[in-house]
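Below is one structure, written out as structure tokens; comments come after it.
Atoms within a ligand are numbered from 1 in the order they appear, just like the ligands themselves.
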Amino acid sequence: MDLTIPRTESADPYPLLIKQLLHTPLVWAPGQEIVYRDKVRLTYRTFRERVGRLASALASLGVQPGDTVAVMDWDSHRYLEAYFAVPMMGAVLHHINVRLSPEQVLYTMNHAGDKAVLVHSDFVPLIAALRSRLNTVSHLVLMTDDTQPAELPVPFEGEYEDLLSKADPDYEFPDLDENTRATIFYTTGTTGLPKGVYFSHRQLVLHTLGLIAGLSTSPLHCRVHSGDVYMPLTPMFHAHAWGMPYMMTLLGVKQVYPGRYEPAMLGRLLATEGVTFSHCVPTILQMLVASPAVKQLDLTKWKVVIGGAALTTTLAKAALDLGIDVITGYGMSETCPLLSLSHMTADMADWPEEEQIRVRTSTGRPVPLVDLQLWDLDGHVLPNDGQSRGEIVTRAPWLTQGYFKNPEASEGLWRGGYLHTGDLATQDERGYLKIVDRLKDVIKTGGEWISSLDLEEIIISHPAVAEVAVIGIPDPKWGERPAAFVVPAPGREEELTEALVQQHVATAAEQGIIPRYGIPDRVLIVEELPKTSVGKLDKKKLRQQMQS
Ligand code: ADP
């Protein structure tokens, strides 16, 4: 018997659309504030009007459903307006990663087929340099914080505020198909050219609900609610700022957008706006907890989710000592991004601090609706025993269905019906994951796997080492052997030698912390390590360096 519910003419199927996220906040909290630095304060009511005006303004420039509209901005109320207005009118929002190299930005804009671009004045020189090679762009809109620059090197259609002031707030947003593409952005390209990932209205709405389910149901701590004050510290151009702006808007929360991340401004906003919830990569939290100005603030109401890279025990401890409720989140561009969060469960309330930190710094448990497994290289599911190491593979309602215009890479991503993260992890009986390495970084030596992260952790524990990166180098006998790049700690340049590092790892091997074959064959003392556009270690560059 076919149980499919037929469409009836009078009933509404209610497609899951981004515009539906705006119903309740405008009823619950129309007077709630959205703040931009020390420059702009809007209410949700005005924000909603401006979303309508932005759509009308774009339409009057000639933007139509199906077109792609790109944004080059720091975190702002304007970016939030584009998060809603562009997809709601049936166009696709391209979040340009402004930290990519100019050539990569050009590649992504041509690849995505951007038609209109909203450009913050900081990026006018960049857009001017690329303009003649942008194949699909026909409209540029300028966004300024202050007065418009007197001279512009390329023609703009107008200034954002000016266009909005002339536009109609009552744009009629259509009932789209919920599977309409809403957003596109590009991976940071540690391997080859940046790859485009894309998400539909339905996926973003479900991701928003998944975030709420993951973040607001913890029995103990780090719980998000409508009384929070939100400030992102992961850029809005990177993986939808982890989807938080959509969630916070749905909850009618006060939102604070800091523009370009400058420590003094961040500290000021944290204090004056009473921020209670943020998310960032470890390096930003590290910078903040080391800042004397920030340390003086009362941070006991601040909840922070760390992601993008592992939260170390040292950083977690430093944050907790300041009263910050810190946990880990895990995901990647391909996954919208949220997959897991490391909240503690009720029974952990009276665990010793050290044990609690172990949970907070784990890679967390999958959030509701995420089907997550560990697979070995042959695709067998591994047990949740806290020991077995396998690749994290996943299915969830909000994963990219492929790489944009790249069927070959899409096939690889979705081998065996699960999205392959390329992350190697363990999962314990309680469901907590622990990433041990990226599959491409793990060192395969003599049929065994050595985690480059484990080795790095041992090497960095020597006080003469400031920074370290470990990679596998090809070896005719063992397949691969570990090689370490180390940066000396200031003042200890003389002391740091290859033999010292090898001896340090050998001591760890004697204590059973790492196998003996983990002692690096080569140790290179360097002045600095290459980083990617988002500040992660660029091991691809190190591998190239070893080959040349
Ligand atoms: P890119 O893949 O270009 O570095 P992403 O932001 O998509 O950009 O990075 C996702 C990757 O970052 C994950 O696959 C994982 O390796 C790493 N990552 C993200 N969150 C965590 C975390 N909490 N702990 C450890 N690694 C993480």
Which atoms of ligand 1 have any heavy atom of [X] under 4.0 Å away?
{"X": "Ile435", "answer": "25 (C), 26 (N)"}
{"X": "Gly329", "answer": "20 (N), 22 (C), 23 (N)"}
{"X": "Met332", "answer": "7 (O), 10 (C), 14 (O)"}
{"X": "His238", "answer": "6 (O)"}
{"X": "Thr328", "answer": "23 (N)"}

**Message:** I'd like to know if the side chain of Thr276 pairs up with that of Asp228 as donor and acceptor (distance under 3.5 Å, no hydrogens or angles considered).
**Reply:**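 Indeed, the side chains of Thr276 and Asp228 share at least one donor-acceptor pair under 3.5 Å.
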**Message:** Tell me whether the rings of Phe123 and Trp74 are parallel (<30°), tilted (30 to 60°) or perpendicular (>60°).
**Reply:**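 Rings of Phe123 and Trp74: tilted, 30 to 60°.
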**Message:** Parallel, tilted or perpendicular, judged at 30° and 60°: which one describes the rings of Tyr230 and Phe277?
**Reply:**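 Ring orientation, 0 to 90° scale: tilted.
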**Asked** Applying a 4.0 Å heavy-atom criterion (strictly less than), which segment of Pro337 is in contact with ligand 1: side chain, backbone, both, or neither?
**Response**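 Answer for Pro337: neither.
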**Ionic contact status for Glu354 with Lys317, cut-off 4.0 Å** =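 Looking at Lys317 and Glu354, the cut-off is not met.
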**Prompt:** Can a salt bridge be assigned to the pair Arg389 and Glu448 using a cut-off of 4.0 Å between side-chain N and carboxylate O?
**Reply:**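 So Arg389 does not pair with Glu448 through a salt bridge.
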**Message:** Given Gly331, Ala239, Ser333, identify the one with the heavy atom nearest to atom 5 (P) of ligand 1.
**Reply:**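 The option holding the nearest heavy atom is Ser333.
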**Prompt:** Do any N/O atoms on Arg438 end up under 3.5 angstrom from N/O atoms on ligand 1?
**Reply:**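 Such a contact does occur with ligand 1.
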**Request:** Report yes if some N/O of Asp423 lies less than 3.5 Å from some N/O of ligand 1; otherwise report no.
**Result:**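 Yes; at least one N/O pair falls below 3.5 Å.
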**Asked** Is it true that atom CZ of Arg395 has more than 12 heavy atoms of other residues, nucleotides or ligands lying nearer than 6.0 Å?
**Response**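 Not more than 12 within 6.0 Å, no.
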